[in-house]
**Q** 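Pasting in a structure now, in structure tokens, and then I'll have a few things to ask.
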Amino acid sequence: MDRLAGADLEAGPGQFAARALLPPSLRACLGLIAALATLVVVVLGVLYAGHSEPGRVDRWIIRPTADSVRAPWRHVALALDFLGEPAGSAMVIVACVAGCLLLRRPRAAVLVAVGTGLTVGTTTLLKHVVGRTIHGPGNLSYPSGHTAFFTALALMAALLATGRLGLGRAAGTSLVLAAALVAGATMGWAEVGLGAHYPTDALGGWCTALAVIPATAWLVDRMADRMAGQRVERMTDTGRRERR
């Protein structure tokens, strides 16, 4: 546990902030965005609870079918879909965690593992609570777990890049939102095109990631900083005892 707290530290007065997963300059903006995203998830969940057909917004965008994506794009959609399946997502998570550890960023590794787990777990819970289905009663659809997972990965990567590059509030927020938008739109297109979800399911999954990941990053930062502070206190106490 001490290694988790200490490996991400940098020398200098601002050592905790320098390695924070959620940069201080982005906390207010992303906190507001997370709150709005949570509101969207709740509103859509209430509107489509127990439904088994596309809503007005869904029909306005596209009427989902089982084969609306043709080759060669269908192969791209299937590949993206695989990344959100248990086997594909496990491979992605393991690769990302291993990469973080190789780069000596254990705090980031914890964020990847916990962040993706909480995001997917939240979508799974919401699916059973909302009870919206597609193509039959056994296919729970709201919110899209695939879209949430892919968006969560993009959000975490953008947060790490923002901290690494030392971007300010405007640039950092723009990068984070752009990454989330591209990832969410890409996976949402695949899921809707393959007929696995309604467009509003994809929107709900996108907003779920926007709500979960900033909060998770903040919590991991708090825990790691507290552990690091305790480690410094123990080292200080040890030094004092040795001087006596």
Side-chain angles (χ1 to χ4, degrees), residues 1-42 93 96-122 148-184 205-237:
M1 297 296 282
D2 285 344
R3 296 177 68 180
L4 165 64
D8 279 330
L9 298 182
E10 289 182 348
Q15 58 184 10
F16 297 137
R19 287 292 189 177
L21 297 170
L22 184 63
S25 61
L26 270 60
R27 288 174 186 170
C29 290
L30 292 186
L32 177 60
I33 291 171
L36 293 174
T38 301
L39 179 61
V40 172
V41 171
V42 173
I93 292 171
C96 291
V97 169
C100 291
L101 294 177
L102 288 174
L103 294 173
R104 298 184 57 82
R105 296 298 304 273
R107 191 184 296 202
V110 172
L111 175 62
V112 171
V114 177
T116 53
L118 287 177
T119 301
V120 174
T122 300
F149 172 74
F150 208 53
T151 303
L153 290 176
L155 279 170
M156 291 183 289
L159 286 174
L160 294 175
T162 297
R164 183 74 175 180
L165 298 174
L167 300 180
R169 181 173 59 183
T173 303
S174 298
L175 175 61
V176 170
L177 290 181
L181 181 60
V182 171
W206 185 67
C207 288
T208 300
L210 283 173
V212 171
I213 294 303
T216 304
W218 180 78
L219 287 173
V220 173
D221 279 337
R222 287 288 300 270
M223 292 178 59
D225 288 348
R226 181 176 299 178
M227 292 164 57
Q230 292 173 350
R231 183 186 182 195
V232 170
E233 290 179 0
R234 289 197 298 269
M235 293 174 62
T236 302
D237 292 341

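Just so it is clear, the values below take in all heavy atoms, side chains as well, and ignore hydrogens, waters and symmetry mates. Keep in mind it's a predicted model, so treat the numbers as computed, not measured.
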**Q** Give a yes or no on whether the backbone of A113 and the side-chain of T116 come within a donor-acceptor separation of less than 3.5 Å.
**A** yes
**Q** Would you give the length of the straight line joining atom CG of L111 to atom SG of C96, rounded to the nearest 0.5 angstrom?
**A** 10.5 Å
**Q** Is there a side-chain contact between T208 and V212 (heavy atoms, below 4.5 Å)?
**A**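 Sidechains of V212 and T208: in contact.
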**Q** Indicate the atoms forming the closest heavy-atom contact of V112 with C100, along with that distance.
**A**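 Nearest heavy atoms, V112 then C100: CG2-SG, 4.3 Å.
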**Q** Calculate, to the nearest 0.5 Å, the distance between atoms CG and CD1 belonging to L210 and I33 respectively.
**A**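 Going from CG on L210 over to CD1 on I33, the span is 7.0 Å.
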**Q** Of all the heavy-atom pairs spanning A161 and L175, show the shortest one and how long it is.
**A**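 Looking at all heavy atoms of both residues, the closest pair is CB-CD2, 4.1 Å.
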**Q** So which heavy atom on C207 is nearest to which on A37, and how close?
**A**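 Smallest heavy-atom distance, with atoms named: O-CB, 3.3 Å.
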**Q** With T119, which of T216, I213, V114 fulfils side chain to side chain contact (heavy atoms under 4.5 Å, CB included)?
**A**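 When T216, I213, V114 are each tested with T119, the side chain to side chain contact (heavy atoms under 4.5 Å, CB included) holds only for I213.
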**Q** If every non-hydrogen atom of L101 is compared with every non-hydrogen atom of A109, which pair is closest and at what distance?
**A** CD2-CB, 3.9 Å
**Q** Hey, can you pull the donor-acceptor pairs under 3.5 Å for the side chains in residues 149-159, sequence neighbours left out?
**A**
| residue | atom | partner | partner atom | Å |
| --- | --- | --- | --- | --- |
| T151 | OG1 | T147 | O | 2.7 |

**Q** Only counting residues at least two apart or in another chain, list the ones meeting side-chain contact (heavy atoms from CB on, under 4.5 Å) with L160.
**A** L21, R105, A108
**Q** Restricting to non-hydrogen atoms, name the atom on P214 and the atom on A209 that form the minimum distance, rounded to 0.1 Å.
**A**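 In this case the closest contact between P214 and A209 is CD-O, 3.9 Å.
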**Q** Looking at every heavy atom in both R169 and C29, which two are closest together, and how far apart are they?
**A**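 What the structure gives for the nearest pair is CD-SG, 3.6 Å.
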**Q** With sequence neighbours excluded, what pairs up with L39 under the side-chain contact (heavy atoms from CB on, under 4.5 Å) test?
**A** V43
**Q** Check whether any side-chain N or O of R27 sits under 3.5 Å from a backbone N or O of L22 as a donor-acceptor pair, and report yes or no.
**A**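 Judged by distance alone, yes, a pair lies under 3.5 Å.
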